[in-house]
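Step one of this worksheet: look at the structure below.
First listed ligand is number 1; within each ligand, the first listed atom is number 1.
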Amino acid sequence: MRPIWTLEEARQADQEAVSSGVPYPALLAQAGLQLARFIQARVPEGAVMFLTGPGSNGGDGWVAARHLARRRPVTVIPIAEPRFPGAGDWIAAAKAAGVVVGQNPVSLNGAAVVVDAMYGTGFHGSVMESPAGPWLAALESGGHPVIHVDLPSGVETNTGQYDGPELNTLATLTMGAVKWGLVGYPGAEAAGPIVVADIGLPGHGQASFIDPEWAKRHLPRVPRLGHKYSRGHVVVIGGSRAMPGAPVLAGMAALKAGAGLVELVVPESVLGRVAVVPSLIVHGVPETADGSLQVSDVLSRLAARADALVIGPGLGPTAPTALIEVLAKIPVPAVLDADGIRLYAQAPKAFGANWVLTPHAGEMGVLLGMTSARVNADRRRAVLDAVHATGRTVLLKGMFSIVGSEGGRLMVNSSGSPVLATAGSGDVLSGMTAALLAQGLPPDQALALAVYWHGWAGQIGEREQGLSMTADNLLDYFSPARHALEQEEEPTSVTYWD
Ligand SMILES: NC(=O)C1=CN([C@@H]2O[C@H](COP(=O)(O)OP(=O)(O)OC[C@H]3O[C@@H](n4cnc5c(N)ncnc54)[C@H](O)[C@@H]3O)[C@@H](O)[C@H]2O)[C@H](O)CC1
Ligand SMILES: [K+]
């Protein structure tokens, strides 16, 4: 279990440790020691400068400074009067070990690394208006390499909101478990690579990362005596004159993720443009005047044969709401993406059992009646609200995608790559998810495994092709990504230090 904590959960973990008999100073001591070891490993030589705040985040800094002063030049620059528990003693010990206390005006020049121990989970508000503001500006303009303690100072613990500058960040060493702010926006950008330090706190929470060992265990096996129907039958419903390629991408992804049989159901006038891949079966069905899918008996019949549906890739904005209402009556699990989600939002009572929704921030905004900026301002809350509103499993896409399911259970994906932010990438993900649904995985597991596998494909694709990766290239990396899953390879965006 690799939990992600809210502020409340971090405090609860603290409380639990303390009430089980661990004195609070022991936690601070452990955090400071881990921080010192981490700095020493990452930047082994040269002067270290600590910027320390008033609270225990600053305390972590003071303790680490004391350890490092035995080996190398260390300066601590307090940006506010220290008020953390035991500050007097810790500071005296640090000075006795040779830590130099910087007096204003202090220059950061000459530091091999600057440690940001100004604010952690106790911060609220605008960091540029706080005493840390001028220091962040100096770090930005000097381009100094920075290690953040627990959170980049100014990142809000539960949401990731942050109004500070982008720095030359080496890493964020976070204590006990990842905080939501580090996987929220723009906190995730500010944090850089996240490293979790074990400080002996209990490790549970409502949310957790998708675990490599879990992913391996849930990869569907191909039955040795299987035939194409026993491997899962996926039907993709979508396509329009403007977007004939999207259902093809979803269909190919479903095949490559192990579905035994994939059929595409598209408007009849685009049939010729969709029938391009011999392994996909395509059906043209009745359409509206502007070439969007129309409700028809043949469409319903084709959909009812599936083990799982994909509804939405390339469907276009003018498909009728009735389409979703008809499909909702078919008792088959389905992935709703793209315009499927927009239709769903217009017909909110139409949901079928076992449907999953895979919105990006914009589509999530349509579901919740808010802007994408508001969705991204509190992504955790948006997922919880969407699960509550729809009663369905929901994936909010983007870096650190979040899967939310019944009861408020959340899973966060740490695999992935910026190259996945490309046209068609979501179609690929929806096909992959449907393949896993069709092979019998329950909705939350199918989504979590798909997003993790898809992220790995993006990561490996980026390594091989750099930023010129496209969504159809992504299909070529399903197999190496599956191999990475089988090897339980660890994504590099979050690592564990103990
Ligand atoms: N989780 C644990 O068990 C441990 C956490 N540790 C570290 O402690 C910090 C949290 O410490 P806390 O004292 O609660 O908060 P901060 O250090 O973040 O600072 C709070 C401090 O800042 C003031 N403040 C807040 N907002 C502003 C503002 N906008 N402007 C000015 N000042 C502000 C506030 O009044 C407080 O005085 C956690 O992140 C870890 O780094 C330890 O490691 C021990 C175990
Ligand atoms: K910090």
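The environment of Arg409 atom CZ is dense: over 12 non-hydrogen atoms of other residues, nucleotides or ligands sit within 6.0 angstrom. More than 12 heavy-atom neighbours from other residues, nucleotides or ligands sit within 6.0 angstrom of CD on Glu8.
Taking OG of Ser417 as the start and CZ of Arg463 as the end, the distance is 10.5 Å to the nearest 0.5 Å. In this structure, the separation between CD on Gln34 and OG1 on Thr174 is 12.5 Å, given to the nearest 0.5 Å. Rounded to the nearest 0.5 Å, atoms CG (Asp476) and CD (Glu464) are 10.0 Å apart.
Within the 3.4 Å limit, Asp116 places at least one N, O or S atom next to the K ion (ligand 2). Among the backbone and side-chain atoms of Val149, an N, O or S atom lies under 3.4 Å from the K ion (ligand 2). Backbone or side-chain N, O or S atoms of Met118 do not reach the K ion (ligand 2) at under 3.4 Å. Counting backbone and side-chain atoms alike, Gly120 contributes no N/O/S atom closer than 3.4 Å to the K ion (ligand 2). At a cut-off of 3.4 Å, Thr172 is not counted among the residues with an N, O or S atom near the K ion (ligand 2).
At least one side-chain heavy atom of Leu108 sits under 4.5 Å from a side-chain heavy atom of Trp135. At a threshold of 4.5 Å between non-hydrogen side-chain atoms, the residues Met432 and Val451 do not count as touching.
Comment: Arg11 does not engage Asp14 in a salt bridge, judged by the lack of any side-chain N to carboxylate O separation of less than 4.0 angstrom.
Among all non-hydrogen protein atoms, the one lying nearest atom 12 (P) of ligand 1 is Ser56 N, 3.8 Å. At the shortest separation from atom 23 (C) of ligand 1 among protein heavy atoms lies Tyr119 CE2, 4.0 Å. At the shortest separation from atom 28 (C) of ligand 1 among protein heavy atoms lies Phe123 CE1, 3.4 Å. For atom 17 (O) of ligand 1, the closest heavy atom belonging to the protein is Asn57 N, 2.9 Å. The nearest heavy-atom contact from the protein to atom 10 (C) of ligand 1 is Thr121 OG1, 3.2 Å. Distance from atom 19 (O) of ligand 1 to its nearest protein heavy atom, with residue and atom name: Gly55 CA, 3.8 Å. In this structure, the protein non-hydrogen atom closest to atom 2 (C) of ligand 1 is Asp14 OD1, 2.8 Å.
Computed with the K ion (ligand 2) at the centre, the Ser153 OG to Leu151 O angle is 100°, stated to 10 degrees.
Using cut-offs of 30° and 60° for the angle between ring planes, the Trp456 and Tyr452 rings count as perpendicular. Ring pair Trp497/Phe38 is perpendicular by interplanar angle, where above 60° counts as perpendicular and below 30° as parallel.
Judged purely by atom type and a 3.5 angstrom limit, Thr495 has no side-chain atom pairing as donor or acceptor with the backbone of Thr492. Looking at His454, its side chain never comes within 3.5 Å of a backbone N or O of Leu420 through a donor-acceptor pair. Within the 3.5 Å criterion, the main-chain N or O of Val356 finds no donor-acceptor partner in the side chain of Arg392.
Considering backbone and side-chain atoms alike, Asp60 places an N or O below 3.5 Å from some N or O of ligand 1. Considering both main-chain and side-chain atoms, Gly120 comes within under 3.5 Å of ligand 1 through a nitrogen or oxygen pair. For the pair Gly122 and ligand 1, the shortest N or O to N or O distance falls below 3.5 Å. Geometrically, ligand 1 and Arg83 share a nitrogen or oxygen pair separated by less than 3.5 Å.
For Phe84, the heavy-atom gap to ligand 1 stays at 4.0 angstrom or more.
Using a 4.0 Å cut-off to heavy atoms of Tyr24, the atoms of ligand 1 that qualify are 44 (C). Near Leu201, the atoms of ligand 1 lying under 4.0 angstrom from a non-hydrogen atom of the residue are 3 (O). Every atom of ligand 1 with a heavy atom of His124 under 4.0 Å away is listed here by number and element: 25 (C), 26 (N), 27 (C), 28 (C), 29 (N). Counting atoms of ligand 1 from 1 in the listed order, those under 4.0 Å from a heavy atom of Ala31 are 43 (O). Remark: ligand 1 atoms within the under-4.0 Å shell around heavy atoms of Ser130 are 30 (N).
A cation-pi arrangement, defined by a distance under 6.0 Å to the six-membered ring centre and an angle within 45 degrees of its axis, is present between Arg2 and Tyr496.
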Walk me through it: do Thr390 and Tyr344 pass the test side chain to side chain donor-acceptor pair (under 3.5 Å)?
CA-CA 10 Å; Thr390 63; Tyr344 177 90; 4.7 Å; no
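Nearest-residue assignment for atom 38 (C) of ligand 1 (options Leu35, Leu173, Ile199, Asp150; heavy-atom criterion): Asp150.
With a 4.0 Å heavy-atom cut-off, ligand 1 is reached by the side chain of Pro54 but not by its N, CA, C or O.
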